[in-house]
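All chains are named by letter (A, B, ...) in the order of the sequence lines, taking the proteins before the strands, and each is independently numbered beginning at 1.
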Amino acid sequence: MGIKGLTALLSENAPGAMREQKFTSYLDRRVAIDASMHIYQFMIAVGRTGEQTLTNEAGEVTSHLQGMLMRTSRMLEAGIKPVYVFDGKPPTMKGGELAKRKDKREEAEAALKAAREAGNQEEVEKLSKRTVRVSKEQSMEVMKLAQLLGIPAFEAPCEAEATCAAMCKAGLVWAVGTEDMDTLTFAAPRVARNLMAPKSAEKPVLEFDYEKTIAGLGLTADQFIDLCILCGCDYTDTIRGVGPKTALKLIKEHGSIEKILEAIDTEKYPPPKDWEFAGARELFKNPEVMDVSGINLSWKAPDEEGLVEFLVKEKQFQEDRVRGVCARIRKARQGAASQNRLESFFGPPKIISSTIGKRKVEETKSGKGSKAGLNKKSKGVSGYKSKKT
DNA sequence: AATCTGTCTCAAGACGGC
DNA sequence: AAATCTTGAGACAGATT
DNA sequence: GCCGTCC
């Protein structure tokens with residue numbers, strides 16, 4: 001569940017760390033993306049009527065593939081360069097949280113069965129969304145799809161978000177595109193939300209800057225991790241009676257969880273029994289991540305025949321749709337290669353902020369060196385809009 | 001009276017033709 | 001031995017200061 | 001913009 005209440009806390013206490021961006025400003029940006037959340041969304045939403053989803057003749061679900069194909073092509077056409085990262089084994093400390101989720105799912109499964117028997121169609125649809133599971137095989141199918149589309153894809157050793165953050169720290173990508181605020185706790189320099197919001201919604205991308213986050217809160221990196229643990233994370237429970245606001249106050253006052261425990265009345269604010277906050281801290285501070293040194297990311301042309309083999313022959317996609325997507329991607333790639341100023345495709349030049357042009361030049365100058373972004377302070381910081389609740 | 005926490009509920013895509 | 005692992009936001013009641 | 005369709 002990420003970090004409870006962190007977004008609200010930041011918008012009140014570190015608004016300067018948040019900045020709204022246009023979707024089009026991600027032109028030519030490399031972005032690391034945790035694939036698992038997307039897969040879940042597609043399994044839940046794509047082609048669903050009642051308990052029905054998209055399937056091939058054999059009855060295998062294909063919703064995740066349809067969703068990923070469309071979303072990925074949209075990103076590529078927008079000039080975004082995605083890197084997909086898949087979850088590995090969950091850390092053992094997540095066991096408690098996972099057990100809770102399992103209980104809830106089983107509860108929903110029981111209710112679903114009852115609703116089916118009662119013939120309550122509406123209830124069946126609602127509950128079946130809550131019982132969705134993603135198998136390893138389905139994840140691997142999405143990975144295969146990404147690779148056929150020419151996109152780098154990796155399986156992380158552990159939490160995908162941690163490896164995404166590591167890629168961003170290493171300068172392999174400009175930002176991590178996610179809705180999960182854990183990523184900021186893993187100290188990803190830049191986190192982008194709403195990156196995939198539907199075109200129609202025109203929701204702006206919300207960008208979080210890590211350095212500005214901790215500076216805005218007035219905390220050190222270690223203290224920020226302690227704050228996140230106190231707010232509530234996936235790895236351990238929290239002190240009863242202490243939520244985000246009190247947590248921030250206490251951390252600023254005392255500096256660390258150890259000191260807080262010494263200072264507060266633990267009768268009134270009982271910490272969890274055998275509280276393993278130090279273990280959680282370690283998971284955030286030194287997570288198990290992929291070795292990203294020496295990785296050379298590249299975005300290749302789609303393997304059209306491979307896609308036809310996989311999606312058409314095996315999964316019964318319509319061939320002209322698949323070939324159509326390939327054509328659109330190829331066209332976008334050609335445009336990017338031949339045009340230095342792709343932004344002219346997106347509207348009159350005068351509307352485009354000059355920072356985009358500048359950045360574009362900087363990046364092309366730096367060539368395909370793997371460190372686009374890290375050592376570059378973004379310039380247009382002045383124009384952020386604060387958001388009130 | 002105002003603030004904060006804990007719990008429970010919900011919702012989660014995208015294209016193209018009209 | 002076999003099978004797994006995604007999330008945020010808002011409403012609201014009740015406790016606390 | 002709404003709605004049927006994607007597999």
May I have the distance from A:Leu69 (atom CG) to B:dA14 (atom P), rounded to whole angstrom? 12 Å
Answer with yes or no whether the side chains of A:Thr178 and A:Glu161 bring together a donor and an acceptor at under 3.5 Å. yes
From the candidates C:dT7, B:dA14, B:dG16, the one with an atom nearest any side-chain atom of A:Asp180 is C:dT7
Base-pair map of DNA chain D as dot-bracket, where | denotes pairing with a different strand and pairs are Watson-Crick or G-U under 3.5 Å: ||.|||.
Walking DNA chain B from its 5' end, the first of A:Lys4 and A:Tyr40 to be reached, judged by nearest nucleotide, is A:Lys4
If the C1' atom of C:dC5 is compared with that of B:dG16, how far apart are they to the nearest Å? 35 Å
Name the nucleic acid region contacted by A:Thr62, choosing base, sugar-phosphate or nothing; use a 4.0 angstrom heavy-atom cut-off, strictly under. sugar-phosphate
Just compare B:dT5, C:dT7, D:dC7 and give me whichever is closest to any side-chain atom of A:Arg321. D:dC7
Partner of C:dG10 under the Watson-Crick or G-U wobble criteria, both distances under 3.5 Å, comes out as B:dC8
Does a nitrogen or oxygen in the side chain of A:Thr246 sit under 4.0 Å from OP1 or OP2 of B:dT5? yes
Salt-bridge test for A:Arg116 and A:Glu123: reply yes if a basic N is under 4.0 Å from a carboxylate O, no otherwise. no
Protein-nucleotide distance (A:Arg101, atom CZ; C:dC5, atom P), rounded to Å: 9 Å
What is the ring orientation for A:Tyr235 with A:Phe284, classed by angle as parallel under 30°, tilted 30 to 60°, or perpendicular over 60°? tilted
Scan every strand shown for a Watson-Crick or G-U wobble partner of C:dC5, both distances under 3.5 Å, and answer none if you come up empty. none
Whole-angstrom distance between B:dC10 and D:dC7, as gauged at atom P: 32 Å
Between C:dA9 and A:Arg193, is there an OP1 or OP2 to side-chain N/O distance shorter than 4.0 Å? yes
By nearest-nucleotide position on DNA chain B, the 5'-leaning member of A:Lys126 and A:Gly47 is A:Lys126
Which value, in whole Å, describes the distance between the C1' atoms of nucleotides B:dT9 and D:dC6? 30 Å
Select one nucleotide: of B:dT7, D:dC7, B:dA14, the one nearest the side-chain heavy atoms of A:Lys315. D:dC7
So, is A:Lys129 close to the B:dA11 phosphate, meaning a side-chain N or O under 4.0 Å from OP1 or OP2? no
Measuring to OP1 and OP2 of C:dT17, would you say a side-chain N or O of A:Lys268 lies under 4.0 angstrom away? yes
One should read off an interatomic distance between A:His38 NE2 and A:Thr72 OG1, to the nearest 0.5 angstrom, of 9.0 Å
With a 4.0 Å limit, can you tell me whether A:Lys136 has a side-chain N or O closer than that to the phosphate oxygens OP1/OP2 of C:dT4? no
Answer yes or no: is there an ion pair linking A:Glu125 with A:Arg48, defined by an N-O contact shorter than 4.0 Å? no
Side-chain N,O (A:Gln41) to OP1/OP2 (C:dT7) below 4.0 Å: no
Under 4.0 angstrom between A:Arg133 side-chain N/O and C:dT4 OP1 or OP2: yes
Taking atom P of C:dT16 as reference, at what distance in whole Å does atom OH of A:Tyr269 sit? 8 Å
Minimum-distance nucleotide to A:Gln66 side chain [options: D:dC7, C:dA9, C:dC5]: D:dC7
Whole angstroms only, please: what is the CZ-P distance between A:Phe208 and C:dG8? 11 Å
Can you check the A:Leu54 CG to D:dC6 P distance for me, whole Å? 9 Å
Between B:dA12 (C1') and A:Asn194 (CG): distance, integer Å: 13 Å
In whole Å, I'd like the distance from the CG atom of A:Leu98 to the P atom of C:dT4. 12 Å
Looking at side-chain heavy atoms only, is the closest gap between A:Glu155 and A:Met290 below 4.5 Å? no
Between A:Asp87 and A:Ser36, is there a side-chain donor-acceptor contact under 3.5 Å, judged purely by atom types and distance? yes
Among D:dC7, B:dA14, B:dA12, the one nearest any side-chain atom of A:Gln316 is D:dC7
Residue A:Pro90, side-chain atoms from C-beta onward, closest of C:dC5, C:dT6, B:dG13: C:dC5
Less than 4.0 angstrom from a charged side-chain N to a carboxylate O is my criterion; do A:Lys268 and A:Asp265 meet it? no
Selected nucleotide, minimal atom distance to A:Gln318 side chain, candidates D:dC6, B:dG13, C:dC5: D:dC6
Are any of the side-chain nitrogens in A:Glu309 or A:Lys315 under 4.0 Å away from the carboxylate oxygens of its partner? no
Would you indicate what A:Ile239 reaches in the nucleic acid, counting non-hydrogen atoms under 4.0 angstrom: base, sugar-phosphate, or nothing? sugar-phosphate
In whole angstrom, what separates A:Asp103's CG from C:dC5's C1'? 16 Å
N or O in side chain of A:Arg240 less than 4.0 angstrom from B:dG6 OP1/OP2: no
Check every strand shown and say whether A:Val61 touches a base, only sugar-phosphate, or nothing at a heavy-atom separation below 4.0 Å. nothing
With sugar-phosphate meaning primed atoms plus P, OP1 and OP2, does A:Gly5 contact a base, only sugar-phosphate, or nothing at under 4.0 Å between heavy atoms? nothing
Salt bridge check, A:Glu319 against A:Arg323: does any charged N sit closer than 4.0 Å to a carboxylate O? yes
